[in-house]
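Computed from a predicted structure; not experimentally measured. In what follows, chains carry the letters A, B, and so on, assigned in the order in which the sequence lines appear, proteins first and then strands, with residues in each chain numbered from 1.
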Number of protein chains: 2
Amino acid sequence: MSALRDIEHNLPLQLLKAREAAMASFRPMLRKHGLTEQQWRVLRVLSAYPDIDATTLAHRSILLAPSLTRILKHLEQTGYVARLQDPVDQRRATFSLTAAGSSKVARVAPDSEALYRHIEAQFGASNLDSLYRLLNKFSSAVQNGSNANT
Amino acid sequence: MSALRDIEHNLPLQLLKAREAAMASFRPMLRKHGLTEQQWRVLRVLSAYPDIDATTLAHRSILLAPSLTRILKHLEQTGYVARLQDPVDQRRATFSLTAAGSSKVARVAPDSEALYRHIEAQFGASNLDSLYRLLNKFSSAVQNGSNANT
DNA sequence: CAGGCATACTTAACATGTTAAATGATTTCG
DNA sequence: CGAAATCATTTAACATGTTAAGTATGCCTG
């Protein structure tokens with residue numbers, strides 16, 4: 001019969017729900033700093049991995065290329081990110097934080113860490129560890145077996 | 001100093017990554033049926049809970065009210081969902097699947113279940129159980145302590 | 001019962017998500 | 001070498017996410 005499973009066992013929905021629970025506190029914090037969630041993701045990734053190309057950046061910040069194009073345009077205009085055309089491969093460009101971008105990250109970081117401490121206090125450090133581990137295992141396990149299309 | 005944590009311990013990002021890993025197979029399937037992820041969420045919730053008002057529907061499908069307004073307008077035009085104005089409270093409307101809507105859900109369900117079986121095979125039923133449990137615990141734990149703004 | 005407040009959506013405006021197609025630059029190979 | 005395939009990024013078009021403000025409607029209290 002293949003009846004539809006209980007909605008409590010809708011995995012994408014439960015992942016989204018957990019994410020929303022976390023973002024409920026992060027979004028207002030970022031908003032005070034004048035950043036969207038995605039802009040912050042990009043700044044954060046560039047802070048960890050300077051001078052990477054757009055494809056790598058998109059992969060690491062879990063953004064699709066068209067979204068990243070728009071976000072980078074915005075961040076360049078704001079002055080937080082600089083674009084460097086690759087001299088060897090003219091198709092490619094690499095990106096990095098400007099001084100203003102680095103200092104922005106430094107200003108947001110303490111507020112971000114405070115929210116993490118809050119989450120750890122509510123959920124428990126050990127639970128959080130288990131969750132990270134399971135999520136990581138899930139992402140690797142499922143991505144490989146993705147040949148179910150046509 | 002409050003330095004920024006390792007990006008592997010960015011919880012919203014890891015939740016998003018896991019979700020994308022799952023949705024990578026669901027989205028093309030839904031697309032074949034002419035549905036977006038969110039439209040399917042709404043149909044799925046209405047299938048489980050008929051005749052609920054928009055606020056409850058938004059809560060259960062993890063959608064914001066403005067998004068739901070647009071999605072419902074679309075689903076009404078397509079003929080999958082019917083709106084019933086509440087005779088007592090004129091502000092409120094309740095929604096339910098039409099016959100076409102129910103039959104659409106019935107057609108999508110087997111494909112959805114097949115993908116779940118695939119996920120279980122890759123990730124393991126026991127891991128999946130643990131993940132559901134942790135996600136559920138996380139969502140409840142974090143939502144309560146969300147008084148950190150001003 | 002009038003004024004004020006809360007409730008249930010809806011609109012508006014801008015940012016992002018998603019798919020397909022376009023544009024240019026590079027590589028591959030006959 | 002040169003046409004075809006590939007790659008990196010962008011554009012286009014439509015759907016949704018997000019915040020703020022608007023519109024009715026209902027409730028509540030003086």
Whole angstroms only, please: what is the [atom1]-[atom2] distance between [X] and [N]?
{"X": "L13(A)", "N": "dT16(D)", "atom1": "CG", "atom2": "C1'", "result": "16 Å"}
{"X": "L63(A)", "N": "dT19(C)", "atom1": "CG", "atom2": "P", "result": "15 Å"}
{"X": "L16(A)", "N": "dG17(C)", "atom1": "CG", "atom2": "P", "result": "13 Å"}
{"X": "H74(B)", "N": "dT16(D)", "atom1": "NE2", "atom2": "C1'", "result": "12 Å"}
{"X": "F26(B)", "N": "dT19(C)", "atom1": "CZ", "atom2": "C1'", "result": "19 Å"}
{"X": "Q39(B)", "N": "dG17(D)", "atom1": "CD", "atom2": "P", "result": "11 Å"}
{"X": "R27(A)", "N": "dA15(C)", "atom1": "CZ", "atom2": "C1'", "result": "12 Å"}
{"X": "Q90(A)", "N": "dT23(C)", "atom1": "CD", "atom2": "C1'", "result": "15 Å"}

Check ion pair R41(A)-E37(A) (N to O, under 4.0 angstrom): yes
Short N-O contact, K17(B) and E8(B), less than 4.0 angstrom: no
Enclosure of H33(A) NE2 (heavy-atom neighbours >12, cutoff 6.0 Å): yes
Check the phosphate of [N] against [X], side-chain N and O only, distance under 4.0 Å to OP1 or OP2. Yes or no?
{"X": "R31(A)", "N": "dT19(D)", "answer": "no"}
{"X": "Q38(A)", "N": "dT18(D)", "answer": "no"}
{"X": "T36(B)", "N": "dT16(D)", "answer": "yes"}

Residue pair H74(A) / T78(A): nearest heavy atoms and the distance that separates them: O-OG1, 2.6 Å
Anything under 3.5 Å between a protein N or O and an N or O of nucleotides 7-11 of chain C, put it in a table, one pair a line.
from, atom 1, to, atom 2, distance (Å)
dT7(C), O4', R91(B), NH1, 3.3
dT7(C), O2, R91(B), NH1, 2.8
dA8(C), OP1, R92(B), NH2, 3.0
dC9(C), OP1, A93(B), N, 3.2
dC9(C), OP2, D53(B), OD2, 3.0
dC9(C), OP2, A54(B), N, 3.3
dC9(C), OP2, T55(B), N, 3.2
dC9(C), OP2, T55(B), OG1, 3.3
dT10(C), OP1, R83(B), NH1, 2.7
dT10(C), OP2, T69(B), OG1, 3.3

Ring centres under 6.0 angstrom apart (Y116(B), F26(B)): yes
Residue mapping more 5' on DNA chain C - nearest nucleotide basis, V88(A) or R41(A): R41(A)
Rounded distance (nearest 0.5 Å) linking atom CG of L11(A) with atom CG of L115(B): 12.0 Å
Test log, rule side chain to side chain contact (heavy atoms under 4.5 Å, CB included), inputs L72(A) and E76(A): CA-CA 6 Å; L72(A) 284 174; E76(A) 285 177 72; 4.2 Å; yes
